[in-house]
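I'd like to ask some things about the structure below.
These numbers come from a predicted model, not from an experiment. Proteins get letters first, then strands, A, B, ... in listed order; numbering begins at 1 in each. In what follows, every heavy atom counts, from backbone to side chain, and hydrogens, waters and symmetry copies are set aside.
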Amino acid sequence: MPVITLPDGSTKEFNQPVSPYEVARSIGERLAAQSVGARINGELCDLNTPIERNATVSIITTRPRDEQQRADLLMLMRHSAAHVMAEAIQRIVPGAHLVYGPPLATGFYYDIAFPPDRPLSTADFEAIEAEIRKIQQEDRRFTRYEMRVGEGLAKLREEGNKYKLDNAERAIETGSERLSWYATGEPGKNWEDLCRGPHVPSTAHTGVIKIMSLASAYWHGDENSDRLTRVYGTAFPTQQDLDAYLNQLEEARQRDHRVIGKRLGLFHIDEMVGQGLILWTPKGSVIRNELQNFISHELRRQGYHQVYTPQIGKLDLYRTSGHFPYYKDSQFTPIVDREALDALAHEGCSCADLSNRLEKGEADGYLLRPMNCPHHIRLFDSQPHSYRDLPVRLAEFGTVYRWEQSGELNGMTRVRCFTQDDAHLFVTEDQLAAELQGCLELVKIIFKTLEMSDYRVRVGLRDPDSSKYVGEPAKWDKAEAACRDAAKSLGVPFSEEPGEAAFYGPKIDFVVKDVIGREWQLGTVQVDYNLPERFDLSYIGPDNRPHRPVMIHRAPFGSMERFIGVLIEHFAGAFPLWLSPEQVRILPISEKSNDYAREIASKLRADGLRASIDDSDERIQAKIKIASEEKIPYLGVVGPRDAEARTVSIRAHGVQKDLGALPLDEFASLLLDEYQSKGERSLRRQMAPTGATA
RNA sequence: GCCACCGUAGCUCAGUGGUAGAGCACACCCUUGGUAAGGGUGAGGUCAUGGGUUCAAGUCCCAUCGGUGGCUCCA
């Protein structure tokens, strides 16, 4: 006799097992008609899952009441939409083998193995979507049936889809005692798919489905395994929901740093220079310089020493550090000097030989540096150190070079040459905790100054099953504990992720999302017991004996390129005053005021502001429009009235109106205050106290 | 690197085998206008590059280069 507890706390008793659908019907026919699934004791289930014991039941309908219900609805709908799409695809390409089709936060995908002679193309989308609509109109019920493990495996073997067989075996490994299928309609007669569910009641409940894109994916994510075609789609309850989503995607695209970077002329990537190599325009360079000055200032306060080291070093250096053997495939090829190369050529050494010898250390060369740490380590080690010297903190805006795979390159966020705001701290065991915290503090200062709050913190630990890490487990344990403790002291939630450590040590990463939802690691702080070992670093302790220092690698911005890429998206190109390439533009109403405008602009420039003037013969409306599109923070409009009164009429970016006039000197000093304070939009606030905003 | 798609004027894009287009930007002229685009004229393209098919290629095929979305990788 199950007693069903509903979300409002009320209960209903039934004298036989019931389904959520029947529970819904007992409440009202309309509810039942809108129902698509349920949470039974918190678990997402089919609408007709039998409930035999007392349970709490929450009905999921097409009219969600809260975020959780909406998420559940979308999950059910999209998971089911993936089936409908797969059925449609198999109607069009009968030889396609299904692999795996999960729902996602923004839609769903289905990995499918297509016959080599019939790959899927975007040209097929229209036909597939037409089939999808047919299947939806057929309104067939999602029908679940189960089999015992042995029986089920036999069925799958007979069907000859190795992928599904593999899915089943994996399910069994994780403890499933039965295998389940969902037919869209009648089992044995209609289309079906091995699937744990749950699903909506019928194909008519799968919402508005749109196929989004094609991609390739490796089976089990293993690049040596089969290459599958991943078909991405999405589904929403209504056309309006879908349109809103597509609209949102388009808006995100307009915020994309690659789009804004081009439109505002912040950086340039040139085919002739090379893939993944950023050319910083004068405007982009202003932003980078401001950020570097900002961080340099913080570093001086925290007792860092700035150093310069070369972009290149001997291969042996990176053999010692481990970078060369470990990351050989993602570095630029070593540079072998001319004499050595001539000699090798003379003895008939082939390219393969050379590569082999370089790898074995039988030939030497230079490497464009993939990391700055080896240089800093050698600099540290060039002098004997007493414990009294420590911590030694060496900082450098160090440019590094990495051969990223061409398919990975992405605007400023994934490049082949980038500059880290890098530093290496050489500390005693006792100093480690405090120094780690100091590093995290720095990252926090940066994120706060730039009003970036939407980030997550990841503590990257080693994967105990992997052999890719160097060093003794005991040291790893110590280092991981230090990272965990430091992260705790940060006061924000963090996740511990095994397998995310660097090869030489664990790390604390700050991860942000770009406009299309991809995650990028920015700031990072890493504890390293291993490189000091490899380079045999030491300092003399109070006991007059040598001790091994611990190293901290840290880069609060991460890479200047990536950080600024993300920053462009964060501000949608409308930078705060201190970062704006052009801070203020003076707009004369007509040619008659050009002289006064020039006078103002040169005064502002003399005060240290980045000021320009628009003395084109456009009308003032056009000048404002143009400046607004260029996202200039402040505009000074001047006409004869202002010239007479020695004032400037002010506009702020994102504020749709004239903020009134200020005397020239006052305007300049307010701008300077705002510039120096970084981030406070004080002038705008002062001029528009009613809270006019973007 | 892999799969799919894309590459036409500085930018955004139209152009399905038969004489290369539009808007914006740019140059010049008119306009001297007080808060989100005044008007006119003009210049600008070996249609990414190289091959091929064809009487004829921006358009079809192949290769290369570059980009986009994913996958894999990311010190």
Side-chain angles (χ1 to χ4, degrees), chain A residues 109 111 114 119-125 212-232 253 256 258-259 262-263 265 269-272 274-276 318 321-324 326-327 329-331 369-374 400 402-411 413-414 420 422 460 468 470 500-505 507 509 516 518 520-521 524 526 528 531 553 555 559 562 587-594 617-629 635-642 649-651 653-661:
Chain A
Y109 67 79
D111 280 348
F114 284 92
L120 197 70
S121 137
T122 49
D124 295 314
F125 284 9
M212 302 296 289
S213 63
L214 286 183
S216 90
Y218 301 109
W219 192 26
H220 299 323
D222 175 359
E223 63 181 317
N224 298 314
S225 188
D226 296 10
R227 267 177 274 283
L228 308 169
T229 301
R230 179 166 294 182
V231 189
Y232 280 90
R253 212 180 67 82
D256 191 309
R258 291 163 298 186
V259 173
K262 184 181 274 186
R263 213 171 58 213
I269 300 173
D270 191 275
E271 205 175 302
M272 208 166 171
Q275 289 181 283
Y318 302 102
S321 71
H323 290 106
F324 178 64
Y326 199 84
Y327 291 105
D329 294 337
S330 45
Q331 288 162 354
R369 68 173 170 192
M371 277 296 269
N372 305 307
C373 30
V400 297
R402 297 180 186 174
W403 186 261
E404 304 287 2
Q405 300 187 82
S406 62
E408 269 310 330
L409 298 173
N410 185 279
T413 46
R414 193 79 185 262
Q420 298 175 314
D422 208 359
K468 74 173 195 174
V470 299
E500 291 294 323
F503 76 93
Y504 50 73
K507 56 180 187 163
D509 292 330
I516 55 179
R518 290 179 295 204
W520 300 100
Q521 173 196 313
T524 181
Q526 310 176 355
D528 181 3
L531 288 180
H553 308 238
S559 113
R562 176 178 292 177
L587 313 180
I589 296 279
S590 78
E591 208 174 304
K592 290 173 192 153
S593 308
N594 279 358
D617 50 8
E618 293 291 352
R619 293 168 63 204
I620 190 64
Q621 287 84 344
K623 292 182 183 181
I624 288 169
K625 167 88 171 157
I626 291 162
S628 149
E629 283 183 350
L635 306 181
V637 176
V638 293
R641 290 206 298 267
D642 295 285
S649 300
I650 298 161
R651 279 188 78 107
H653 181 75
V655 182
Q656 296 272 348
K657 58 175 191 185
D658 178 3
L659 296 181

(request) Report, as a single string ordered 5' to 3', how protein heavy atoms within less than 4.0 Å touch nucleotides 35-42 of chain B: B base, S sugar-phosphate only, - not at all. (result) BBBB----
(request) Measure the acute angle between the ring planes of A:Tyr109 and A:Tyr232, then classify it against the limits of 30° and 60° as parallel, tilted or perpendicular. (result)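 Plane angle between 30° and 60°, so tilted.
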(request) Please state whether the phosphate of B:G70, meaning OP1 or OP2, lies under 4.0 angstrom from any side-chain nitrogen or oxygen of A:Ser216. (result)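 No.
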(request) Could you work out which one of B:C65, B:U32, B:C13 sits closest to the side chain of A:Glu591? (result)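 From the listed options, B:U32 comes nearest.
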(message) Students often mix this up, so state it plainly: with edges at 30° and 60°, are the rings of A:His553 and A:Tyr504 parallel, tilted or perpendicular?
(response)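 Geometry flag for A:Tyr504 against A:His553: parallel rings.
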(message) Would you compute the distance between atom NZ of A:Lys623 and atom CG of A:Asp617 and round it to the nearest 0.5 angstrom?
(response)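 A:Lys623 NZ to A:Asp617 CG: 8.0 Å, rounded to 0.5 Å.
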(request) Establish, with yes or no, whether the OP1 or OP2 oxygen of B:U68 is under 4.0 angstrom from a side-chain nitrogen or oxygen of A:Arg258. (result)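 For A:Arg258, the contact criterion (side-chain N or O under 4.0 Å from OP1 or OP2 of B:U68) is met.
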(message) Can a donor-acceptor pair be found, under 3.5 Å and without considering hydrogens, that links the side chain of A:Arg402 to the backbone of A:Pro370?
(response)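 Side chain of A:Arg402 to backbone of A:Pro370, a donor-acceptor pair under 3.5 Å: yes, one is there.
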(request) Please determine, for the side chain of A:Arg414, which listed nucleotide (B:A75, B:C74, B:A4) has the closest atom? (result)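 For A:Arg414, the side-chain atoms sit closest to B:C74.
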(message) So, does A:Arg227 get its side chain near the phosphate of B:A4, meaning an N or O under 4.0 Å from OP1 or OP2?
(response)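 For B:A4, OP1/OP2 do not have a side-chain N/O of A:Arg227 under 4.0 Å.
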(request) Describe the nucleic acid contact of A:Arg518 in one word from base, sugar-phosphate, nothing, applying a heavy-atom distance below 4.0 Å. (result)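 Here A:Arg518 touches the backbone only, sparing every base.
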(request) Consider the side chain of A:Ser121, meaning its heavy atoms from C-beta on, and name the nucleotide among B:A4, B:C74, B:A75 that approaches it most closely. (result)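 Nearest listed nucleotide: B:A4.
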(message) Is the phosphate of B:G70 approached by A:Asn410 (side-chain N or O, under 4.0 Å from OP1 or OP2)?
(response)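 Result: no.
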(request) For A:Leu228, report the nucleic acid contact type (base, sugar-phosphate, nothing); a contact means any heavy atom under 4.0 Å. (result)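 Nothing, no heavy atom under 4.0 Å.
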(request) Write down the distance separating the P atoms in B:A20 and B:A57, rounded off to the nearest Å. (result)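 The same atom, P, in both gives a distance of 11 Å.
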(request) Select base, sugar-phosphate, or nothing to describe what A:Ala217 touches, counting heavy atoms under 4.0 Å on all strands. (result)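 The answer is sugar-phosphate, as A:Ala217 gets under 4.0 Å only of primed atoms, P, OP1 or OP2.
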(request) Name all stems that contain residues of RNA chain B, defined as runs of 3 or more consecutive Watson-Crick or G-U wobble pairs, both distances under 3.5 Å. (result)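 So the stems come out as B:1-7 with B:65-71, B:10-13 with B:21-24, B:26-30 with B:38-42, B:48-52 with B:60-64.
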(request) Would you indicate what A:Gly407 reaches in the nucleic acid, counting non-hydrogen atoms under 4.0 angstrom: base, sugar-phosphate, or nothing? (result)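 Since a base atom lies under 4.0 Å of A:Gly407, the category is base.
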(message) As a test of reading the structure: which of B:C74, B:A75, B:G69 is closest to the side chain of A:Lys468, going by heavy atoms?
(response)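 The closest nucleotide is B:C74.
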(message) Counting only side-chain heavy atoms from C-beta out, which of B:G66, B:G33, B:C73 sits nearest to A:Ser590?
(response)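 Looking only at heavy atoms from C-beta outward on A:Ser590, the closest nucleotide is B:G33.
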